[in-house]
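Throughout, numbering of the chain's residues begins at 1 and tracks the sequence.
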Amino acid sequence: EKYLEDCMQSLFAQTYQTLQIILVDDGSPDRCPELCDAYAARDKRVKVVHQKNGGLSKARNAGIKAADGKYILFVDADDTILPNSCEVLVEQAEASAAEIVAGNSCWIDETGNEEEACRDVCWHPMETPTSDGQTFLLSQLMHGTYSAIAPQNLYNRQFLLENSLFFVAGILQEDEEWMPRVLCKAKCVAQIELPFYLYRLRGSSIMRNDEFAVRRQRDFIDTVAPSVAKTVVQVRPELRKEMMHNLLRKFLTDLCELQIYYSRHKQELNLPFWRENAFNGKTKFWVWLVQLDVRLFSFVWRLRAKAKR
């Protein structure tokens, strides 16, 4: 509720006027439901979907199904976008016939000012005007610029529907699971340089709340990583290797932050899965060290990171 007005003003201010704004009220306990209805009464482009609370994935899925337009752009209620965002994205999509137009984002603080402590989240520039999704994904992984942020891109709605590309409900890292599936299905990806999406960093958000840290890691281990591994099992070998390396690095980095919990609950780590998907001696060593002693792993991992700095 606190940020909804800022978000809506950024949508109403779009230079691309022929858009449809789908507001999904996911059982919000505050004044958001009545605010959504007020926006719909004020502007005929606004359509409201009221549903029981089911989480971000169900809200986005409801938006995809309720939309009538050719393209889908996700905007979380506490974030904003630049005034020319839709115009630039749609122009690129139409010019290239792309199923996905990859954009960039930057971070803002709770007051809406650019967060100088955080770098912009930018895709590595493509070498050609368009590419297939697997080539694009491999390039981003190899350049260290892969970011699983669903709102950072524009999507062809028919492409999503025809491939049943919906979000998995009930997990906290839905974008991590969804983005590889979407990119691996895409035959044409285009790109814009504009950092159009303004992602608000706030202390109370789910992604920054330590209360959810263990659940996020559990979701990643139980759902996200196996799903992504299944997605890339039949893609080109070099992409599968890079994607699994990326997953393993995230798993180990997050594990380091949760060493106290997982030193007591090692059985939840699904170590056979990580051993099976460790592609070289170095990654096999880290998995072996986790199996030996989680706290020892954390100590060595931090020491290595400090030495690199």
Do [X] and [Y] sit within salt-bridge range, that is, some charged N less than 4.0 Å from a carboxylate O?
X      : Y      : result
Lys185 : Glu99  : no
Asp43  : Arg45  : yes
Arg218 : Glu268 : yes
Arg236 : Asp132 : yes
Arg200 : Asp6   : yes

Specify the closest pair of heavy atoms between [X] and [Y], including all atoms of both residues, with the distance to one decimal.
X      : Y      : result
Val168 : Ser57  : O-OG, 2.7 Å
Asp76  : Arg60  : OD1-NH2, 3.4 Å
Thr231 : Pro180 : CG2-O, 3.9 Å
His50  : Pro33  : CE1-O, 3.7 Å
Leu73  : Ile81  : CD2-CD1, 4.1 Å

* To do: List the steps and the verdict of side chain to side chain contact (heavy atoms under 4.5 Å, CB included) for Leu198 and Cys106.
  => CA-CA 5 Å; Leu198 309 182; Cys106 65; 3.2 Å; yes
* Pair Leu161-Phe166, side chain to side chain contact (heavy atoms under 4.5 Å, CB included): steps then yes or no -> CA-CA 8 Å; Leu161 294 174; Phe166 296 103; 3.8 Å; yes
* Structure fact -> Those residues at least two apart in sequence (or on a different chain) that pass ring-ring contact (aromatic ring centres under 6.0 Å, His included) with Tyr261 are His265
* Go through the structure and list residues passing ring-ring contact (aromatic ring centres under 6.0 Å, His included) with Trp123, not counting sequence neighbours. => Phe136
Taking atom [atom1] of [X] as the centre, does the number of heavy atoms from other residues, nucleotides or ligands within less than 6.0 Å exceed 12?
X      : atom1 : answer
Lys266 : NZ    : yes
Phe299 : CZ    : no
Glu127 : CD    : no

* salt bridge (Lys or Arg N to Asp or Glu O under 4.0 Å) contacts in which one or both residues fall within residues 240-250, not counting sequence neighbours -> Lys250-Asp254
Main-chain N/O of [Y] paired with [X] side-chain donor or acceptor, under 3.5 Å:
X      : Y      : result
Gln140 : His124 : yes
Asn61  : Phe167 : yes
Asp219 : Leu172 : yes
Gln134 : Val235 : no
Ser227 : Val224 : no
Thr128 : Thr130 : yes
Ser263 : Ile260 : yes
Asn280 : Thr283 : yes

* State which residues pass side chain to side chain donor-acceptor pair (under 3.5 Å) with Glu91; sequence neighbours excluded, sorted by chain then number. => none
* **Pairing residues for Thr15 by the side chain to side chain donor-acceptor pair (under 3.5 Å) criterion, not counting sequence neighbours** => Glu87
* To do: With rounding to the nearest 0.5 Å, note down the distance linking CG in Leu137 to CE in Met142.
  => 11.5 Å
* Measuring from Thr253:OG1 to Leu258:CG, what's the distance to the nearest 0.5 Å? -> 11.5 Å
Between [X] and [Y]: side-chain donor-acceptor atoms closer than 3.5 Å:
X      : Y      : value
Gln267 : Tyr262 : no
Gln51  : Asp26  : yes
Glu177 : Gln173 : no
Tyr197 : Asn104 : no

* For Tyr155 and Tyr71, what are the C-alpha separation, side-chain angles and deciding distance, and is it a side chain to side chain contact (heavy atoms under 4.5 Å, CB included)? -> CA-CA 6 Å; Tyr155 309 91; Tyr71 300 105; over 6 Å; no
* **Step-by-step ring-ring contact (aromatic ring centres under 6.0 Å, His included) determination, Trp286 to Trp274** => CA-CA 10 Å; Trp286 289 115; Trp274 298 107; over 10 Å; no
* **With sequence neighbours excluded, residues passing side-chain contact (heavy atoms from CB on, under 4.5 Å) with Gln20** => Ile22, Lys47, Ala67, Asp68
